[in-house]
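Side chains are part of it too, since the values below use all heavy atoms of this structure and drop only hydrogens, waters and symmetry mates. Naming convention: chains lettered A, B, ... in sequence-line order (proteins, then strands); numbering from 1 in each chain. Only a predicted model underlies this, so the values are computations on that prediction, with no experimental measurement involved.
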Amino acid sequence: MIPHDDIRDVLNESGIGSDVTVYGWVRTARMGKNVAFASISDGSCQENLQVVLNRKSFDDDSLKGLATGAAVRVCGTVVESPGREQPREVHAEELEIIGPAPEDYPLQKKKHTMEFLRTIPHLRLRSGIFGAVFRMRHHLSIAIHRFFDERGFFYVHPPLITASDAEGAGETFQVTSLPLDAVPKRDGEVDYEQDYFRRKAFLSVSVQLETEPLALALGKVYTFGPTFRADPSDTRWHASEFWMIEPEMAFYDLSDSMELIEQFIGFIASYMLDRCRDEIAFLDERVDADVRDRYRMLTEEPFVRASYTEAVERLTEASNRFETRPRWGGGFSSEHERYLAGEVYGGPVFVTDYPAQAKPFYMRLNDDGKTAACTDLLFPEVGEIVGGSQREERLDLLQERIESMGIDREDYRWYVETRRWGTAPHSGFGLGFERLLMYLTGIDNIRDVIPFPRTLGRMV
RNA sequence: UCCCCGAUAGCUCAGCUGGUAGAGCGGGUGGCUGUUAACCACUAGGUCGCAGGUUCGAGUCCUGCUCGGGGAGCCA
């Protein structure tokens, strides 16, 4: 085994005077006449370790190898640092250049544009900003599991390959084992009898429909997994492969669901503030967004609740400032969403009870016969973060809805059957993991919170 | 898919109304009380995205293409 001290421990736990061995990558190096300095990162924490090398003890060749990007091993003693920038440092006794980095190493000790870094996804991970993002991505994942586990939810795993296209949730990638350059045909049509599943199959765009039966058996469940969408959307909010969290709760009405969402967001924000202090401070300084203020907003004020109808009224009062006029019956455009959360309510807001005709068949029809028991949680600056609804549990109404929307009944027979026997009120919501991470990191392009992003027309 | 913007040294950018390229960082060399994106001096480094066109002359103007960025719609 390679003896190893994480820089995180060297900076926080190792006693002054103790001998340590660290492995990492050189961020910057500075040569003085008598001493050389190198900042080393091993990814274990946001901070770099300053290593001090007495030039008399090392030959010029190995010091020259101490270039930005090089992988090194340093053995030395932990001492208090006389410098202002760091409380402690390591005085090196041994230096080994494990993986040299010649001068054409693309990452330099200067600011790079995110656009440039996107061209080197395999190397940008070693930069401070991406280290922060991906450590936070980990902590956010754990926080999500913790929240649900502590509340008695079960983590469930519905299929990612499905036969239905989840009704309007997005464009699908088709899954097939048929040879695309010689597709078998029968009567001029593709003969899916010969395909792997003997029918058309897709990558799931939402596992909600399959999750509902799990909730109607286990009570409270959640999913947290990848989703694939072939949407023709080419924007900083869209990826073709991303992760979603979809909780589903039996015997929860819409208002229970909103309460849970609010607790969820509050828990996540506090957890991240606690675990990612250095990362958040780093991003707050580095990224053009008031990252810290976002956490304050998520943890301090209760979220506002407003009906769709009320929101439309507020938008209509200010309709001259929009490109598209708000009108009852239509959805909100992104400028409307940002205005509502940013200007009207000044913080996260639940907008509830959208017109039913604009919503999918599985949402529960309200008593007014016009609106659905659903909610979107809107955040300032970014718009919708969470979308949820109470599901239609009444067999007749669900069937009517499926009928009127012209959906193939056979595809959803199993779904409808969960209402035929032991139906129960239940609710759920869905949340895009990366969009939440974008908000919590201040990163404004989804491609920069995914290690190797897959988007329309791009797979670097 | 539509609408805008952009592409100049390894990176970040400057280059006015057309007169054939500059800086900072990074690299190299030398200097320098323990530095903090260290500093100082010198130095190397460019088919100005690609293809056409206008012009005596194009990094600069025009057209097409490629790639990148932002916005809209659709969505998470």
Side-chain angles (χ1 to χ4, degrees), chain A residues 27-39 47-55 60 64 67-69 79-86 89 91 101-120 123-124 127-128 166 168-172 204-208 226-246 286 322-324 330-338 358 360 376-377 379 382-388 429-439 444-449 455-458 460:
Chain A
R27 281 288 171 72
T28 68
R30 299 171 287 280
M31 300 292 165
K33 190 180 188 183
N34 302 312
V35 282
F37 298 91
S39 296
E47 282 173 284
N48 298 328
L49 175 68
Q50 171 155 286
V51 171
V52 187
L53 305 101
N54 190 323
R55 294 198 66 166
D60 283 355
K64 210 168 261 180
T68 299
V79 300
E80 283 182 37
S81 176
R84 282 192 198 148
E85 307 282 315
Q86 61 284 318
E89 63 193 21
H91 279 194
E103 73 271 2
D104 53 358
Y105 180 60
L107 287 178
Q108 293 166 16
K109 50 181 174 187
K110 68 185 289 269
K111 211 177 158 190
H112 290 285
T113 59
M114 295 303 255
E115 291 81 2
F116 169 68
L117 292 170
R118 266 171 226 148
T119 67
I120 45 169
L123 295 174
R124 67 176 184 170
S127 69
E171 299 294 319
T172 52
S204 175
V205 293
S206 163
V207 291
Q208 182 206 312
T227 298
F228 305 90
R229 296 204 181 168
D231 293 338
S233 315
D234 192 10
T235 82
R236 61 200 176 97
W237 301 102
H238 293 88
S240 331
E241 177 180 339
F242 63 96
W243 285 54
M244 266 211 292
I245 299 126
E246 296 187 273
R286 204 57 94 72
F322 302 120
E323 275 182 37
T324 25
F332 296 134
S333 66
S334 24
E335 56 172 349
H336 298 151
E337 291 185 345
R338 283 193 294 263
D376 281 358
L377 177 60
F379 277 13
V382 302
E384 185 193 331
I385 281 281
V386 185
F429 59 92
L431 142 93
F433 178 64
E434 283 84 0
R435 288 191 180 170
L436 180 59
L437 184 58
M438 284 167 75
Y439 193 76
D444 63 8
N445 192 309
I446 199 166
R447 285 174 232 158
D448 301 328
V449 298
T455 56
L456 178 69
R458 274 182 223 101
V460 181

Would you please confirm or rule out a distance under 4.0 Å between OP1 or OP2 of [N] and any side-chain N or O of [X]?
X         : N       : answer
Thr235(A) : rG70(B) : no
Arg124(A) : rC11(B) : no
Lys33(A)  : rU33(B) : yes
Ser233(A) : rC74(B) : no
Arg236(A) : rG71(B) : yes
Arg458(A) : rC67(B) : no
Asn34(A)  : rC32(B) : no
Arg118(A) : rG69(B) : yes

Using the [atom1] atom as the point on both nucleotides, what is the distance between [M] and [N], in whole Å?
N       : M       : atom1 : answer
rG18(B) : rG24(B) : P     : 29 Å
rG73(B) : rC3(B)  : P     : 16 Å
rC25(B) : rA72(B) : C1'   : 38 Å
rG71(B) : rG52(B) : P     : 36 Å
rC48(B) : rU8(B)  : C1'   : 4 Å

How do Glu103(A) and Glu80(A) order along RNA chain B: which one's closest nucleotide is nearer the 5' end?
-> Glu103(A)
Find which nucleotide of RNA chain B each of Trp237(A) and Leu456(A) is nearest to by heavy atoms, and output the residue with the more 5' nucleotide.
-> Leu456(A)
Arg55(A) atom CZ, neighbour heavy-atom count above 12 within 6.0 Å | yes
Does a sphere of radius 6.0 Å around CD in Glu80(A) hold more than 12 heavy atoms from other residues, nucleotides or ligands, not counting ones at 6.0 Å or beyond?
-> no
For Lys64(A) and rG27(B), give me the distance from atom NZ to atom P, rounded to whole Å.
-> 12 Å
rU35(B) P sits how many Å from Met31(A) CE, rounded?
-> 16 Å
Categorize [X] for me: base, sugar-phosphate, or nothing, with a 4.0 angstrom heavy-atom threshold over every strand shown.
X         : result
His238(A) : base
Ser333(A) : sugar-phosphate
Arg447(A) : sugar-phosphate

